[in-house]
Amino acid sequence: MDGVQQAHRMNCLTGWTFENVAMKNFNTSWAAIIVCNDTYLDNCQFDNNIGSSVYTGSESYVEMTNCTLSNNSTTFRGGAIQCVGQMRLESCTIANNSAVNQESLQGEGGAVRVSYGGSCEILSSCITGNTADYGGGVYTEGEINLVDTFICNNTANYGGD
């Protein structure tokens, strides 16, 4: 999918499975996809999106396997992922994303932001080269479980590389 050719905002997804899908060049105020229920993504690519790539609503569960999220940006929360619900990532690469806001300094989680009440499990993945005002790689107010995951070479302008 090419976000330039899509509507400004996608509807909330419920009960979807995506395999081998590329979502590129979305320019949204919120996210390329907004998930409200159980959604599964396998071998998907999110690249060069403005606004988080994936937003999980409070009642949702998202499972991502073998996905790449790169070169995405937001001026608020979660350069690649904003997790309010539950999420599980396995064998994913989250690289070169940003959550930077020059005016308000509210950019949190260059790669992943887990909100209060949210939970995220990241297994056998790599989080690298991301930038944010706070939490260059990961910013969490909720629960996070990291297993065999590399978090390296991330940068925060004010706290928590």
Side-chain angles (χ1 to χ4, degrees), residues 1-3 6-99 107-130 132 135-151 154:
M1 293 184 182
D2 187 333
Q6 299 297 317
H8 179 68
R9 180 172 176 240
M10 291 182 68
N11 291 328
C12 187
L13 301 177
T14 59
W16 286 72
T17 298
F18 291 90
E19 294 179 11
N20 305 312
V21 173
M23 295 191 183
K24 300 180 179 186
N25 302 319
F26 279 83
N27 186 349
T28 71
S29 60
W30 201 250
I33 64 170
I34 299 171
V35 180
C36 297
N37 208 328
D38 296 351
T39 298
Y40 303 89
L41 298 106
D42 182 34
N43 198 36
C44 293
Q45 294 179 0
F46 293 84
D47 185 48
N48 202 38
N49 297 298
I50 297 174
S52 296
S53 289
V54 179
Y55 175 90
T56 65
S58 62
E59 302 295 318
S60 64
Y61 173 78
V62 175
E63 189 169 305
M64 298 178 77
T65 306
N66 299 314
C67 293
T68 301
L69 299 99
S70 59
N71 304 308
N72 303 290
S73 64
T74 185
T75 57
F76 195 46
R77 297 178 172 159
I81 295 171
Q82 165 73 303
C83 179
V84 178
Q86 296 181 4
M87 180 171 246
R88 182 177 191 273
L89 290 91
E90 186 170 357
S91 301
C92 292
T93 299
I94 307 173
N96 305 317
N97 302 286
S98 68
E108 299 171 343
V112 178
R113 183 186 190 276
V114 182
S115 297
Y116 179 79
S119 67
C120 185
E121 180 177 35
I122 303 175
L123 308 153
S124 304
S125 295
C126 181
I127 299 172
T128 187
N130 302 285
V138 176
Y139 182 98
T140 183
E141 295 174 339
E143 295 179 30
I144 192 158
N145 183 27
L146 303 167
V147 178
D148 295 327
T149 294
F150 291 98
I151 301 178
N154 298 290

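One is the number of the first residue; the rest follow in order along the sequence.
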Spacing of CD1 belonging to I34 relative to OG belonging to S60, to within rounding of 0.5 Å:
11.0 Å
Are L123 and L89 close enough, and set up right, to give a side-chain contact (heavy atoms from CB on, under 4.5 Å), and what steps lead you there?
CA-CA 6 Å; L123 308 153; L89 290 91; over 6 Å; no
Are any non-hydrogen side-chain atoms of R77 and Y139 less than 4.5 angstrom apart?
no
Would a 4.5 Å heavy-atom cut-off, applied to side chains only, mark I127 and V138 as touching?
yes
Please report the closest heavy-atom contact between A99 and G79, naming both atoms and the distance.
CB-N, 3.9 Å
Under the side-chain contact (heavy atoms from CB on, under 4.5 Å) rule, what do D42 and C44 come out as? Steps first, then yes or no, please.
CA-CA 6 Å; D42 182 34; C44 293; 5.8 Å; no
Does L146 form a side-chain contact (heavy atoms from CB on, under 4.5 Å) with I151? I'd like the steps, not just the answer.
CA-CA 10 Å; L146 303 167; I151 301 178; 3.6 Å; yes
Quick one: CG on L41 to CG on N20, what's the gap to the nearest 0.5 Å?
11.0 Å
F46 and V54: CA distance, side-chain angles, deciding distance, side-chain contact (heavy atoms from CB on, under 4.5 Å) verdict
CA-CA 9 Å; F46 293 84; V54 179; 3.8 Å; yes
For E108 and R113, the nearest pair of non-hydrogen atoms, with its separation, is OE1-NE, 2.5 Å
With the side chain counted from C-beta on, respond yes when Y55 and V84 share a heavy-atom pair under 4.5 Å apart, and no when they do not.
yes
Could you check whether any side-chain heavy atom of L69 comes within less than 4.5 Å of a side-chain heavy atom of M64, counting everything from C-beta outward?
yes
Give me the atom names and distance for the closest heavy-atom approach of A132 to G107.
CB-O, 3.9 Å
Taking C-beta and beyond as the side chain, do M87 and I81 meet within less than 4.5 Å on heavy atoms?
yes
Is a donor from one side chain sitting under 3.5 angstrom from an acceptor on the other, for N43 and N66?
no
Does atom CD of E59 have more than 12 heavy-atom neighbours from other groups under 6.0 Å away?
no
With no hydrogens and no angle check, just 3.5 Å: does a side-chain donor-acceptor pair link N96 and S70?
no
Sorted by chain and residue number, the side-chain hydrogen bond (donor to acceptor under 3.5 Å, both in side chains) partners of Q45 (sequence neighbours excluded) come out as none
Checking N71, T74, N72 against N97 for side-chain hydrogen bond (donor to acceptor under 3.5 Å, both in side chains), the one that qualifies is N72
